[in-house]
Number of protein chains: 2
Amino acid sequence: MHIQSNLTLRNDLRVTTGPGGSHPLPTTLRDLFGPQATECIEQGQALFWQSDDASQVFEIVAGAFRTVRVLSDGRRVITGFLFPGDIVGAGSPDRYPGTVEALVPSKARRLPRRRFEAEVEHSHSLRSQLVAHLSREMSAAQEQVVLLARKNAEERVASFLLSLVRRMGRSSQSPCIAVELPMTRLDMADYLGLTIETVSRVFTRLAKRGYIATAARHEVTILRPTALALLAVDDQEDDRDDVEIAWAS
Amino acid sequence: MHIQSNLTLRNDLRVTTGPGGSHPLPTTLRDLFGPQATECIEQGQALFWQSDDASQVFEIVAGAFRTVRVLSDGRRVITGFLFPGDIVGAGSPDRYPGTVEALVPSKARRLPRRRFEAEVEHSHSLRSQLVAHLSREMSAAQEQVVLLARKNAEERVASFLLSLVRRMGRSSQSPCIAVELPMTRLDMADYLGLTIETVSRVFTRLAKRGYIATAARHEVTILRPTALALLAVDDQEDDRDDVEIAWAS
DNA sequence: CGGAGTTTTGACTGGAATCAACTGCGGTGG
DNA sequence: CCACCGCAGTTGATTCCAGTCAAAACTCCG
């Protein structure tokens, strides 16, 4: 029951403006989106809505997104943020579990779910990548559960900032790290299970203590990463043994 | 293309807990564990520990388990409970994300992960079941995120009780439902992001209002399921279209 | 400059945590 | 049998962290 449709699926659409260049064979999940057209999503626009038929899988190409759930009485929860390279919709065979909205003008590619699944079906490597992908999503969700169940406001914000650093990757290995915050304070609050006021207060408190500096509205500089990591508690306990903490007063 | 017809398998219970029925072909993930020996795990004993090499996959046969994470300073979080029929360890290719401990004397079967993966590799049907399984785990985790981020103590307890009813299955369709609680108040508290005292207070409050009755220590009767469902808010918003809101005063 | 939306700051409130005492129950053994 | 213990759970008094309400300050626009 093998179908050697790799060639037919790739068609002969040229890869347009992709940062990746040529794609001889889909060796990663991302590569599957190579031939797809890049769509522009303006700020606030949704990629898809909660409970929609999950008929498409998306790759984020540029910008940033939030995944939103809303309770019947209006309470809002953001279950995650999406950044370039992320794939969304792969783990929901039925309905999308939340609405995905662009935080800033963004770009994405889409693939019909049947195409995505067919491709994954053909390749052992892609299959294990998919499982690994779902596993990573799961452990992120569990980390969030720990944060919401047992961390206080400061610990939540500290964990959040560090997770952003980890995902966006620190460019230089300088002691201070600049982090872009494409989301608003409200988005952070709804992600961290806090209010906008509490998030704001924690930011100023951390700034006064010299842990961070809030340059522009949507940018934070982390001045003392190790101190912040202490605040964040066990933030995803890697068994790193290079703990080496700087006890600067 | 041949994509359809992989959804034909219904996930839920067929003849389970039968003492060693015949297993002609593994058609469900559970069937894979059929030939394995059933191990007895006594109360408090762990099936595996957080950060252990995830070299085994388990099927819960009898009893009940909790999945525990502990922060460095001792704060405890229970990320989930496991009941007969559940499969655990399938979604963690690397390390187990938490410690799984028996709440009561329990039984389980184990399969080496390589065997599990090899079997799944052979069968298209098992593969899609695995994805469905991971997807269900994911949506449970997200439901927990919503609960922890935005629900108050009463709503959390109400949601919890209803989720137990949903999982254990109401035996009779009588208006009142007896639910067994194999876990202690502390377990519930650590699952719901509350303290033991708050859980206790909410139980008595719900009992005084006639929503539930606490018969024995480890048993609750739900007297008014629909009232409790209202309290639980949007508890996993099925897209029921019989919304029909009563705008009483 | 003005106006709307976002963020910050302040005063006060409230719900859950904390601290502490008590109850009830099951087991154990005198 | 019952006195004793220990544990799980309940109840009460008080505290405190984050929420709420309100207003001011800042930004980004035209």
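Below, read A as the first sequence line, B as the second, and so on, with proteins coming before strands; counting in each chain starts at 1. On a predicted model such as this, the values are computed, not experimentally measured, just so you know.
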Side chain to side chain contact (heavy atoms under 4.5 Å, CB included) partner of F65(B), chosen from V88(B), T99(B), I60(B), V104(B): I60(B)
message: With ring pair (Phe, Tyr, Trp, His ring centres under 6.0 Å) as the rule and sequence neighbours excluded, what pairs involving residues 37-58 of chain B come up?
response: F48(B)-F58(B), F48(B)-Y96(B)
- line: Sorted by chain and number, sequence neighbours left out, side-chain contact (heavy atoms from CB on, under 4.5 Å) with A141(A) holds for M138(B), A141(B)
task: Round to a whole Å and report the spacing from CE of M183(B) to P of dA8(D).
output: 15 Å
message: Test: salt bridge (Lys or Arg N to Asp or Glu O under 4.0 Å). Region: residues 38-52 of chain A. Which pairs qualify, not counting sequence neighbours?
response: E39(A)-R110(A)
Strand-adjacent residues in residues 184-201 of chain A, judged by heavy atoms under 4.0 Å from DNA chain C: T184(A), R185(A), E197(A), S200(A), R201(A)
statement: L103(B) atom CG is separated from dA8(D) atom C1', nearest whole Å, by 15 Å
task: Name all residues meeting the side-chain contact (heavy atoms from CB on, under 4.5 Å) criterion together with T226(B); count only those two or more places apart in sequence or in a different chain, and write none if there are none.
output: none
- prompt: Given atom CZ of R75(A) and atom P of dT20(D), what is their separation to the nearest angstrom?
  reply: 10 Å
- request: Sequence neighbours left out, what passes side-chain hydrogen bond (donor to acceptor under 3.5 Å, both in side chains) with S135(B)? Give chain and number order.
  value: none
- prompt: Rounding to a whole Å, what distance do you find between R156(B):CZ and dG15(C):P?
  reply: 14 Å
task: Give a yes or no answer on whether the side chain of R95(A) reaches the backbone of Q50(A) with a donor-acceptor pair at less than 3.5 Å.
output: no
- prompt: Rounding to a whole Å, what distance do you find between L147(A):CG and dA18(D):C1'?
  reply: 15 Å
Which pairs of donor and acceptor atoms, one on a side chain in residues 178-187 of chain A, lie under 3.5 Å apart (sequence neighbours left out)?
from    : atom 1 : to      : atom 2 : distance (Å)
T184(A) : OG1    : L186(A) : N      : 3.3
T184(A) : OG1    : D187(A) : N      : 3.2
T184(A) : OG1    : D187(A) : OD2    : 3.3
D187(A) : OD1    : R66(A)  : NH1    : 3.0
D187(A) : OD1    : R76(A)  : NH2    : 2.7
D187(A) : OD2    : R66(A)  : NH1    : 3.2
D187(A) : OD2    : T184(A) : N      : 3.2

field: Those residues that, when tested against R217(B), pass side-chain contact (heavy atoms from CB on, under 4.5 Å) (two or more places apart)
entry: none
Produce the list of close N/O pairs, under 3.5 Å, pairing protein atoms with atoms of nucleotides 25-29 of chain D; give distances to one decimal.
from    : atom 1 : to      : atom 2 : distance (Å)
dT27(D) : O4'    : R217(A) : NH2    : 3.1

message: On DNA chain C, compare the nucleotides closest to F203(A) and R150(A); which residue's is nearer the 5' end?
response: F203(A)
Rounded (10°) bend between the five-pair end axes of the helix from dC1(C)-dG30(D) to dG30(C)-dC1(D): 30°
- prompt: Can you list every ring pair (Phe, Tyr, Trp, His ring centres under 6.0 Å) pair that touches residues 187-209 of chain A, not counting sequence neighbours?
  reply: F81(A)-Y191(A), F160(A)-Y191(A)
Tabulate below the donor-acceptor pairs under 3.5 Å that side-chain atoms of residues 209-216 of chain A make, not counting sequence neighbours, or state none.
from    : atom 1 : to      : atom 2 : distance (Å)
R209(A) : NH2    : E154(A) : OE1    : 3.1
R209(A) : NH2    : E154(A) : OE2    : 2.3

